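Read through the structure below, which is laid out as C-alpha cells, and then see the notes.
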Amino acid sequence: MWKKLCILLPLLAPLSIEAADGKLIATPGVSQIEGAAGGGLVPWAQLAGYASRDEIAVNAFASRGSVDDYSLDVFGAQLNLYDRLELSIAEQEFKVDALNLNIRQRVLGSKLRLYGDIVYSRWPQLSVGLQYKQLDDALVANLLGAEDDSGTDYYIAASKLHLGAIGGLNWLWNVTGRYTEANQIGLLGFGADGEGYEWMLEASTAVLFGRHLAVGVEYRQKPDNLGPKEQDWKSAFVAWMPNKYVNLTAGYIDLGEIAGSDDQDGLYFSIMGTF
Amino acid sequence: MRLLFTVILAASLSLSGCAGTQQKTLYDKLGGEAGVDKIVTHLVQNIGRDQQVFHYFAEANVKRFKKHLAWHLCDISDGPCDYTGDSMKQIHDGMQINERDFNHLVDLLIDAMYKADVSHRVQNQLLARLVPLRQDIIYR
C-alpha cells in the first residue's frame, strides 16, 4: 500500500502549484474508510479537500485499522470539483488472520453537495452520496450466506460547524442516514436470504482545540443480515492538520463482533494529502 | 470509549460555563479600541503584502478603510459604537469577490488576530459574528 502511495504522490505534486485553499483549515474533515470525506467511519456532508466554488482539489489517503483478529488497509483518492461534486475511489484489503486470507473490495463513490457551507450557511451543509462496492472474490461472502458480491450504499448527510460554540472553541457535528444492505461494509458481501436494504444512522461530533487539532467520536449503526452477528461500530479520534496539505488521524475503534469473533477493538491510523 | 465521551462532554460544559459567567463584551475581550485598532493595522499590512486579494483594495483610501473597519468591528462586537457607514452590500457591489478570495481574506484576518494577541477562543467568537455578512460580500 505504501509503495502505491509513493508512486502516486509525485504524479500529483505538479497540481500543488495551484493548490486549493479556499476553506478554513480543518473544516473539510479527513477521509473515511470507503473513500468519502468524513471522519474515519462516517461520510460527512463536506467534500474532500479545500476547494471552494472556484477551485478543484485532489486528495490521496492511506488508512489502517487493526483489531484483535482482523486488519483493514485502505488506499484511495478523491477529486473535488468546485465544492459541488466529489468523486472517490478506495481499495480495501481486509486481512483475516485466522484463515490467512485477504478479502479485497473496491469502492467507487460520488457525493453531491445540495445546500450550504459547513461554516457560513445558516442551515447545515447537506449532501447526498452513493458508494458502489465490488468484492474481488465472493468466496467468503457466499460461504456466510450473502446474496451478492457487489452492492450500492446511498446516503444523505448533514453537517455544521459552530464557530466559538463551546467556550469559544469550534464545534462540529454530522448526521448521516445510509440506505444499505452491505454486510460488514460489504467485505462479507451484500444482503442475505430474506434480508434487504435498510436505513442506518451514523453520527459524528468533534471539538477543535485550536486551528490544527480536532478530537471527536463517531457512531455507525450497521445491519445484521448474516448468520454471524454484526454490531454497530464506534470510534474516538484525534486529527491533526498542521497545514492545508496534510492531515494525520489516530483513533480507537470498537467494531464489536465480526464473523464470529467478538469484542473486536483496536487502533486506527490515517494519513491524507490534499493538493 | 464511554469514559472519553463523558470527559469531552464534561470539559465542553465546564468551558461554556466559564464563558457564561463573564460580563465582558466581545469588544472588551478584543482589547477595546486599542485591540481593534491593532487587528485592523495588522490586517491592512497582511492585505498590502498579499498578491491574491490586494487588487480588490488597490483603489481604496487606506485611512478611511481602517477607520470604517474599526468602527464596524466595534459595533459588531457590542462595543460603544453605532456603525452608520456604507452597508456591506453597498461597499462590495460590483467587486465580484469570489468564495476563494473571501475565504483567503478570512485567513488573513485570523493571522492579524494572532498578531494582535487575540486568543483562539475570542477569535472564533468574532468570526461567528462576521459569518452572516458573507452573503452581502461575495459574488456581487
Side-chain angles (χ1 to χ4, degrees), chain A residues 18-25 27-28 50-57 82-84 116-122 160-171 205-219 233-238 243-244 251-256 265, chain B residues 1-22 24 26 29-30 50 52-53 77 96-111 113-114 118-139:
Chain A
E18 283 294 327
D21 71 345
K23 294 262 151 151
L24 283 178
I25 189 157
T27 60
Y50 289 90
S52 61
R53 275 183 247 177
D54 322 292
E55 298 167 285
I56 290 172
Y82 308 107
D83 198 26
R84 177 59 68 187
D117 179 287
I118 181 165
V119 177
Y120 292 102
S121 57
R122 178 167 185 166
K160 179 85 184 135
L161 183 125
H162 300 271
L163 286 164
I166 297 180
L169 298 177
N170 296 340
W171 171 53
T205 185
V207 175
L208 278 73
F209 293 88
R211 302 263 164 242
H212 304 283
L213 195 72
V215 178
V217 290
E218 289 201 301
Y219 169 79
W233 286 4
K234 294 157 214 156
S235 79
F237 65 87
V238 177
N243 52 52
K244 288 183 179 177
Y252 165 77
I253 46 177
D254 177 358
L255 309 185
D265 65 347
Chain B
M1 174 72 201
R2 178 168 291 174
L3 180 72
L4 184 77
F5 189 75
T6 313
V7 169
I8 291 174
L9 198 69
S12 313
L13 291 174
S14 67
L15 291 173
S16 51
C18 286
T21 55
Q22 285 195 0
K24 284 163 82 178
L26 178 56
K29 292 186 207 166
L30 290 168
D50 191 81
Q52 190 178 326
V53 298
S77 62
Q96 288 297 324
I97 297 172
N98 64 28
E99 198 179 62
R100 175 178 185 238
D101 291 345
F102 176 88
N103 288 347
H104 183 68
L105 191 70
V106 174
D107 281 343
L108 295 183
L109 171 63
I110 289 169
D111 184 64
M113 289 194 285
Y114 274 117
V118 176
S119 75
H120 172 72
R121 291 174 185 195
V122 176
Q123 288 178 21
N124 291 336
Q125 288 163 17
L126 181 61
L127 291 175
R129 303 274 178 105
L130 296 172
V131 154
L133 302 178
R134 187 177 87 141
Q135 57 185 3
D136 293 337
I137 295 175
I138 60 171
Y139 299 106

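Remember, it's a predicted structure, so these values are computed and weren't measured experimentally. Each chain gets a letter, A, B and so on, in the order its sequence line appears, and its residues count up from 1.
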Measure [X] against the heavy atoms of chain A and call it side chain, backbone, both or neither at under 4.5 Å.
| X | result |
| --- | --- |
| B:N98 | both |
| B:I138 | side chain |
| B:I110 | side chain |
| B:V106 | side chain |

Requested in this report: Measure A:D265 against the heavy atoms of chain B and call it side chain, backbone, both or neither at under 4.5 Å.
Outcome: neither

**Report entry** A:R122 portion near chain B, given a 4.5 angstrom heavy-atom threshold
**Finding:** neither

How far does [atom1] of [X] sit from [atom2] of [Y], to the nearest 0.5 angstrom?
| X | Y | atom1 | atom2 | value |
| --- | --- | --- | --- | --- |
| B:L130 | A:Y120 | CG | OH | 9.0 Å |
| B:R100 | A:D83 | CZ | CG | 13.5 Å |
| A:F209 | B:H120 | CZ | NE2 | 9.5 Å |
| A:D54 | B:F102 | CG | CZ | 13.0 Å |
| A:R211 | B:N124 | CZ | CG | 4.5 Å |

Query raised in the report: Counting heavy atoms not belonging to A:Y219, are there more than 12 under 6.0 Å from its OH?
Result: yes

Query raised in the report: So A:L163 and B:R129, side-chain contact (heavy atoms from CB on, under 4.5 Å) or not? Walk me through it.
Result: CA-CA 9 Å; A:L163 286 164; B:R129 303 274 178 105; over 6 Å; no

Requested in this report: Using the side-chain contact (heavy atoms from CB on, under 4.5 Å) rule, take A:E55 and B:N103 through it: C-alpha gap first, then chi angles, then the decisive distance, then the call.
Outcome: CA-CA 12 Å; A:E55 298 167 285; B:N103 288 347; over 6 Å; no

Query raised in the report: Has the side chain of B:E99 got a donor or acceptor atom that lies under 3.5 Å from a matching backbone atom of A:S52?
Result: no

